[in-house]
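For reference, the structure discussed in these notes is given below.
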Amino acid sequence: MDIHEYQAKEILHRFGVPIPRGALAYSPEQAAYRSREIGGDKWVVKAQVHSGGRGEAGGVKVCDSDTEIRDFSGQLFGRKLVTRQTGERGKLVGRVYVEEALAIAQELYLGLVLDRASERIMVVASAQGGMEIEELSEEHPDAILRMTIDPATGFLEYQARELAFGLGLDSSQVAQAAKVFRACYRAFRDLDATMVEINPLIVTQQGDLVALDAKMSFDDNALFRRNEIAELRDMSQEDPLESHAADRGLSYVSLDGNIGCMINGAGLAMATMDMIKLMGGAPANFLDIGGGASPERVLTAFRTVLTDPKVEAILVNIFAGINRCDWIAEGVVQAFEKAEIKVPVIVRLSGTNVEEGRRILEESQLPVATADTLAEAAEKAVAAVSRSQAA
Ligand code: ADP
Ligand code: MG
């Protein structure tokens with residue numbers, strides 16, 4: 001789960017990371033009012049969306065009057081901000097953050113991620129902040145420092161100082177940097193985060209270290225024990241279909257093509273999408289119905305896939321181990337009775353109770369195309385889409 005910049009800043013501040021003075025607004029008037037509360041004569045107005053790259057997309061602006069703040073936030077509210085990370089659909093701006101503008105002497109990069117190879121939290125830092133880490137690793141791979149942290153000892157003071165010295169910081173800033181690094185580590189560990197990023201972490205012209213931006217993501221599987229984090233969820237930033245499915249215990253991923261896929265298991269999902277591509281088609285999404293899917297669950301899955309207007313055919317590919325093909329077939333029959341299906345449906349069943357499953361589909365006399373192999377199913381789905389497009 002992702003959260004907003006202002007939420008991440010609030011959390012990191014609690015752990016001891018210095019942040020600029022700032023406040024949240026839900027309307028242009030409130031944004032202008034916030035700047036008076038903050039004081040000073042220069043502010044930065046920042047669109048709150050779950051994405052980086054807001055600056056270059058026009059979602060961040062330095063303002064020096066009430067009027068400018070009101071006008072700029074007026075343009076942001078209700079708009080879909082398209083950044084290089086959001087995809088063309090963009091993300092809705094419903095909140096803006098107003099912050100004092102600081103005079104920047106240097107921009108650093110700081111990121112903490114889970115390094116699966118070493119099974120540890122890895123701290124990534126660079127003296128070349130401001131640009132995205134992907135860009136940085138292409139353009140200045142040597143300017144990136146990495147350190148993995150032993151969970152038994154935690155992030156020790158001397159390691160944090162070593163990292164800070166590695167960034168070429170002044171001795172007066174090393175202690176501040178070490179404090180920020182260790183605070184981020186504790187926040188990551190204590191809150192079941194999967195990512196913490198401060199980009200840029202700045203040195204101000206007065207020589208202080210301040211987090212000018214902040215991003216955090218959390219492990220969905222740990223949210224049950226992190227109520228204070230779960231409460232920060234902002235549904236307006238999520239793909240509505242993906243959250244709809246997740247709330248029903250189905251995992252659904254939205255893609256750009258036109259073939260809806262219902263599959264059990266992530267591996268089979270990958271294989272199915274590869275096969276569709278190989279046959280010249282493109283998946284609109286995939287929905288993993290998981291193991292032990294009841295007919296009701298299959299019906300819910302159909303309803304979810306059908307809500308996506310891009311879907312021009314549905315491919316059901318089940319390799320039943322824990323699942324039962326007869327239940328899946330029952331679910332398909334129910335879906336035809338209860339959900340409005342106007343697109344071709346192709347079903348490939350294999351595994352437990354497959355004969356029974358096929359019999360149910362045959363006897364139902366529904367317009368369902370069946371297939372014995374994955375290749376055949378994908379081919380039929382792609383052909384069905386081109387037929388309906390030709391018609
Ligand atoms: P994003 O990474 O989504 O583009 P940032 O929060 O990093 O958004 O802001 C983009 C840029 O705007 C920063 O790199 C920084 O140069 C400038 N900026 C952001 N906040 C402030 C601030 N409080 N004072 C001065 N400049 C800022
Ligand atoms: Mg940033």
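Values in this document were obtained by computation on a predicted structure and should not be read as measured data. One-based numbering, in listed order, for ligands and for the atoms of each.
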Residue Asp213, metal the Mg ion (ligand 2), N/O/S under 2.8 Å: yes
Ion pair check, Arg182 and Glu157, cut-off under 4.0 Å: yes
NZ/NE/NH1/NH2 to OD/OE distance under 4.0 Å, Glu135 and Arg84: yes
Sub-4.0 Å protein heavy atom near atom 11 (C) of ligand 1: no
Heavy-atom nearest neighbour in the protein, as seen from atom 20 (N) of ligand 1, with distance rounded to 0.1 Å: Lys46 NZ, 3.2 Å
Min heavy-atom dist Glu100 to ligand 1 below 4.0 Å: yes
Same apolar cluster (I L V M F W Y, side chains within < 4.5 Å links), Ile149/Phe15: yes
Geometric N/O contact Glu56 with ligand 1, under 3.5 angstrom: no
4.0 Å heavy-atom contact, Gly52 with ligand 1: yes
Carboxylate-amine/guanidinium proximity below 4.0 Å for Glu5 and Lys9: yes
For atom 27 (C) of ligand 1, the protein heavy atom that lies nearest, with its residue and separation: Leu212 CD2, 3.4 Å
Aromatic ring pairing Phe155/Phe181, orientation class (parallel under 30°, perpendicular over 60°, tilted between): parallel
Non-hydrogen protein atom less than 4.0 angstrom from atom 17 (C) of ligand 1: no
Tyr97 and Arg34: side chain donor to acceptor below 3.5 Å: no
